[in-house]
Every structure is written in C-alpha cells, then in structure tokens.
Amino acid sequence: DEYVPVMRQEHADRYIDALAYSEKSQSHKHHTLHSLKRYFKWRHHVYGEPEWEPERSFTISNGQTPQDYFKKPERRRLRQVALDYETIPAYRTVKCHEARRERLKPYVAEYHDITTGEVGVDHWEGVPSWRYTTIVWTSLDAGLRPDEVKKAKTWWVDTENAVLRIPKEEASKSDNNWEVSLREKTAEALALWLHERSHYPKYDDTDRLWLTNHSNPFGARQLGRIIRRLCEEADIDQEHRSLSWYSIRHSVGTYMTREEDLAATQAQLRHKRAETTMKYDAAPAEDRRDALNRMG
C-alpha cells in the first residue's frame with residue numbers, strides 16, 4: 001500500500017494552537033478544525049484510537065461584530081497587572097556573564113539612586129522592567145496585531161508626540177503610512193523602556209523594539225501565553241470566551257468607534273478597507289440594554 005503520513009493528536013493540538021493566533025480568517029480556522037475532527041473520528045472508528053477532544057473551538061462570525069473583546073474594566077485591569085508583570089533579570093541569572101552584569105548595573109544603581117559601586121546582590125531583586133508593560137499598553141492603545149508586535153521597531157516610537165509612526169513597508173495588511181495615537185502614560189512608559197533596553201547587549205545589533213528572553217522576536221504563541229497569564233492575574237473570566245491577543249485589538253475597535261467614529265477607528269487600527277472597520281459599527285449588547293432601560 002502507498003505510505004500516507006499520519007498526523008498525531010499532539011501535532012494537531014500544536015497546529016490548532018498556532019492557527020488560533022494566526023491571521024487566517026475565522027471561517028478558515030473553523031473549517032480546518034472541522035476537517036481535523038472528522039479525520040480523527042475516522043481513525044477512532046477504523047483503528048480504535050482515542051477520540052480527539054481539541055481544547056479550542058472556532059465559530060464563524062456574522063461579519064458585523066467582533067466575537068470577543070475586553071470590556072473597559074478588563075482593559076483597566078490588564079493595564080494594572082501588566083505594570084507589575086516583570087522585573088529585570090535576577091542577579092543569579094547574570095552573575096556568570098560579567099559583561100551583561102556590568103551593562104545592567106548602572107540601571108540598577110539609577111533605580112535605587114545610588115552609585116554603581118554601592119550596588120549589591122540584594123539591589124537586583126524587584127527592579128521593575130518596562131518590556132511587558134509597554135507591549136501590553138502599546139497594544140491596548142494601538143490594537144497591535146501579533147505580527148506588528150513582532151515587527152515593531154524602535155524608530156516607530158515618537159514619545160514626544162505620543163504616537164507610533166508605522167511605515168507602509170512595515171504595516172500588516174496595508175499599503176499606507178500610519179500615525180497611531182498613544183496615551184501619554186504609554187509614551188512615558190515607552191521612553192522608560194527605550195532607556196532600559198539600552199542596557200541589554202542583545203539589543204545592540206537590532207532595532208527590534210521587543211525581544212524575548214531568548215533574543216527572538218515575539219510570536220503569536222508567546223503572546224497567546226502572555227494574554228492567558230495576564231487574564232489569570234487580572235481575574236478575567238476565560239471559561240466562556242475565546243480570548244486571544246486579538247481581543248485587545250477588538251476592544252480598541254469597539255470603544256474607539258463608540259467614543260469617536262469609524263474614521264478614527266480605521267486610522268487607529270490601520271484598516272486598508274473601510275468595510276473592515278464596519279464590523280465595529282454595531283452597538284454592543286450592553287449599550288442596547290441600557291437603551292432599553294432608558295426607553296422604559
């Protein structure tokens with residue numbers, strides 16, 4: 001018989017996890033998962049293999065409203081937990097790397113308002129880092145796609161004017177140059193991160209704004225893990241919602257439309273086509289409920 005490669009269930013789990021954070025359409029994700037379910041159902045009946053029970057599910061959107069987004073109180077909680085999410089590398093992780101320790105020591109001294117000669121082992125503990133804070137805060141403002149977090153460059157950041165300037169060559173799904181507004185506090189945090197960033201040797205030869213602990217650009221899988229941990233720390237219910245990094249983006253679109261208009265949302269989210277922005281034009285359920293209460 002002709003040899004046919006077999007997909008194992010653990011491979012399917014990893015594939016679906018990666019697919020969840022990809023930029024494929026919801027319809028594509030739904031039909032891909034459906035096909036895999038049918039495949040493993042067949043293997044269960046023919047070969048007696050265990051039934052496959054994927055952890056994820058995808059629903060096809062009606063094209064009018066985003067399926068899941070963070071509500072205003074949840075956005076505030078995400079900002080708060082992101083503020084305390086990470087500290088600089090502990091002394092024990094850099095003690096074997098003299099060059100790394102010497103580069104970071106002035107930052108530690110600055111934080112404690114002491115000289116570098118006074119920095120001891122205990123001073124390294126609990127010094128906050130602005131890396132994850134700025135990733136989350138910038139995304140909460142700009143609705144960054146995972147691919148944009150990955151591509152983000154230092155020269156996108158204009159802290160003086162509190163904007164991101166994303167050229168068309170770098171913008172995902174667009175052929176326009178974009179000027180994206182940021183909160184003043186986010187711009188201040190980015191200025192602090194750029195200063196902190198200059199103390200890490202791994203950034204010496206790159207203009208990437210953010211890198212992982214392994215010196216790689218952030219990908220969809222890492223961002224997915226981050227958002228799940230943030231939701232846990234912020235006590236945000238994930239059981240009955242399909243929350244992902246895109247839920248941040250959907251929240252920006254939803255509330256920018258409510259506070260301003262579709263034109264503002266299109267600019268903030270960098271939509272090439274106005275039709276893409278129209279899905280944020282439907283009033284959320286809570287707004288319609290409030291209207292009913294006012295109507296009596």
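Just so it is clear, the structure is predicted and the values come from calculations on it, not from any experiment.
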What is the minimum heavy-atom distance between Val252 and Ser139, and which atoms define it? CG2-O, 4.0 Å

For Asp205, which residues count as a side chain to side chain contact (heavy atoms under 4.5 Å, CB included) partner, sequence neighbours excluded? none

Pairwise side-chain contact, Leu164 with Trp178, heavy-atom cut-off 4.5 Å (strictly under): no

With distance as the sole criterion, is a donor-acceptor pair present between the side chains of Tyr91 and Arg101 under 3.5 Å? yes

Does the side chain of Lys29 come within less than 4.5 Å of Leu33's, by heavy atoms? no

Take Arg249 and Leu269 through the test side-chain contact (heavy atoms from CB on, under 4.5 Å) and record every step on the way to the result. CA-CA 8 Å; Arg249 182 173 174 82; Leu269 294 186; 3.6 Å; yes

Begin from the C-alpha positions of Leu190 and Trp156 and carry the test side-chain contact (heavy atoms from CB on, under 4.5 Å) through to its verdict. CA-CA 11 Å; Leu190 280 165; Trp156 290 11; over 6 Å; no

Under the salt bridge (charged side-chain N to carboxylate O under 4.0 Å, His left out) rule, what do Arg79 and Glu74 come out as? Steps first, then yes or no, please. CA-CA 9 Å; Arg79 286 190 189 276; Glu74 294 171 336; over 6 Å; no

Take atom CD of Glu160 as the centre, draw a 6.0 Å sphere, and report whether it contains more than 12 heavy atoms from other residues, nucleotides or ligands. no

Under a 4.5 Å side-chain heavy-atom rule over Ile, Leu, Val, Met, Phe, Trp and Tyr, are Leu192 and Val163 clustered together? no

Correct closest heavy-atom pair for Tyr107 and Pro128 would be OH-O, 3.7 Å

As an exercise, state the distance from CH2 of Trp137 to CG of Leu144, rounded to the nearest 0.5 Å. 15.0 Å

His199 versus Ile88: any side-chain heavy-atom pair under 4.5 Å? no

Pairs flagged by side chain to side chain donor-acceptor pair (under 3.5 Å) wherever residues 219-239 is involved - sequence neighbours left out: Asp17-Arg221, Tyr21-Arg228, Tyr85-Arg229

Which residues pass the side-chain hydrogen bond (donor to acceptor under 3.5 Å, both in side chains) test with Tyr203, not counting sequence neighbours? none

Kindly write out the residues that satisfy salt bridge (Lys or Arg N to Asp or Glu O under 4.0 Å) with Lys41, not counting sequence neighbours, or none if the list is empty. none

List in chain and number order the residues that pass side-chain hydrogen bond (donor to acceptor under 3.5 Å, both in side chains) with Arg75, two or more places apart in sequence or in another chain; answer none if no residue qualifies. Ser251

Do the side chains of Glu148 and Arg270 get close enough for a salt bridge, i.e. N-O under 4.0 angstrom? yes

Tell me if a side-chain donor or acceptor on Arg197 pairs with a main-chain N or O of Arg131 at a distance below 3.5 Å. no

Pairing residues for Phe218 by the ring-ring contact (aromatic ring centres under 6.0 Å, His included) criterion, not counting sequence neighbours: Tyr132

Stepwise, does the salt bridge (charged side-chain N to carboxylate O under 4.0 Å, His left out) test hold for Glu259 with Lys72? CA-CA 12 Å; Glu259 297 294 333; Lys72 283 185 178 180; 3.1 Å; yes

Partner residues of Asp207 under the salt bridge (Lys or Arg N to Asp or Glu O under 4.0 Å) criterion, sequence neighbours left out: none

Are any of the side-chain heavy atoms of Pro217 and Thr212 separated by less than 4.5 Å? no

Leu83 side, atom CG; Thr134 side, atom OG1 - distance, nearest 0.5 Å: 11.0 Å

Other residues, nucleotides and ligands only: do more than 12 of their heavy atoms fall within 6.0 Å of NE2 on His11? yes

Within the side chain of Thr186, is there an N or O that forms a donor-acceptor pair under 3.5 Å with the backbone of Leu182? no

Residues Asp141 and Lys185 bridged, charged N to O under 4.0 Å: no

Looking at residues at least two apart in the chain, or sitting in another chain, which of them share a ring-ring contact (aromatic ring centres under 6.0 Å, His included) with His123? His112

Evaluate the side-chain proximity of Asn216 to Leu211: yes if any heavy-atom separation is below 4.5 Å, no if none is. no

Pairing of Glu51 and Arg43 as salt bridge, 4.0 angstrom limit: no

Over 12 non-hydrogen atoms of neighbours within 6.0 angstrom of CG in Asn161: yes

With sequence neighbours left out, what residues match Glu125 under side-chain hydrogen bond (donor to acceptor under 3.5 Å, both in side chains)? none

Measuring from Leu230:CG to Ile248:CD1, what's the distance to the nearest 0.5 Å? 7.5 Å

Looking at Ala267, is its backbone amide N or carbonyl O close enough to the side chain of His271 to form a donor-acceptor pair, meaning the two atoms are under 3.5 Å apart? no

Value rounded to 0.5 Å, distance of CD1 in Ile166 from CG in Asn177: 10.0 Å

Determine the minimum heavy-atom distance between Ser242 and Ser247, stating which atoms define it. O-OG, 3.9 Å

One should read off an interatomic distance between Ser215 OG and Arg208 CZ, to the nearest 0.5 angstrom, of 12.5 Å

Contact check, side chains of Thr254 and Arg258, non-hydrogen atoms, under 4.5 Å: yes

Is His250 reaching over with its side chain to a backbone N or O of Asp68, donor-acceptor style, under 3.5 angstrom? no

I'd like to know if the side chain of Arg241 reaches the main chain of Tyr69, judged simply by a donor and an acceptor atom lying under 3.5 Å from each other, with no hydrogens or angles considered. yes

Has Arg77 got a side-chain atom pairing as donor or acceptor with Ala234's backbone, closer than 3.5 angstrom? yes

Is Leu78 linked to Met256 within one hydrophobic cluster, defined over Ile, Leu, Val, Met, Phe, Trp and Tyr using a side-chain heavy-atom separation of less than 4.5 Å? no

Just by distance, no angles: are the side chains of Gln268 and Thr265 close enough, under 3.5 Å, to form a donor-acceptor pair? no

Give every residue pair that meets the salt bridge (charged side-chain N to carboxylate O under 4.0 Å, His left out) criterion with at least one member in residues 105-114, sequence neighbours excluded. Glu102-Lys105

Considering residues, nucleotides and ligands other than His195, do more than 12 of their heavy atoms fall under 6.0 Å from its NE2? yes

Give a yes-or-no answer on whether the side chains of Trp193 and Ser129 include a donor-acceptor pair shorter than 3.5 Å. no

So which atom in Gln9 and which in Pro50 form the shortest heavy-atom distance, rounded to 0.1 Å? NE2-O, 2.8 Å

Any chance you could measure Leu223, atom CG, to Ser244, atom OG, to the nearest 0.5 Å? 10.0 Å

Pairwise side-chain contact, Leu104 with Trp124, heavy-atom cut-off 4.5 Å (strictly under): yes

Please indicate whether Glu118 has more than 12 foreign heavy atoms, meaning atoms of other residues, nucleotides or ligands, lying under 6.0 Å from its CD. yes

What one should report as the nearest heavy-atom pair of Ala12 and Met7 is CB-SD, 3.8 Å

Just to verify, what does Gln80 make a side-chain hydrogen bond (donor to acceptor under 3.5 Å, both in side chains) with, not counting sequence neighbours? none

Got a sec, which residues hit ring-ring contact (aromatic ring centres under 6.0 Å, His included) with Trp52, two or more places apart in sequence or on another chain? Phe40

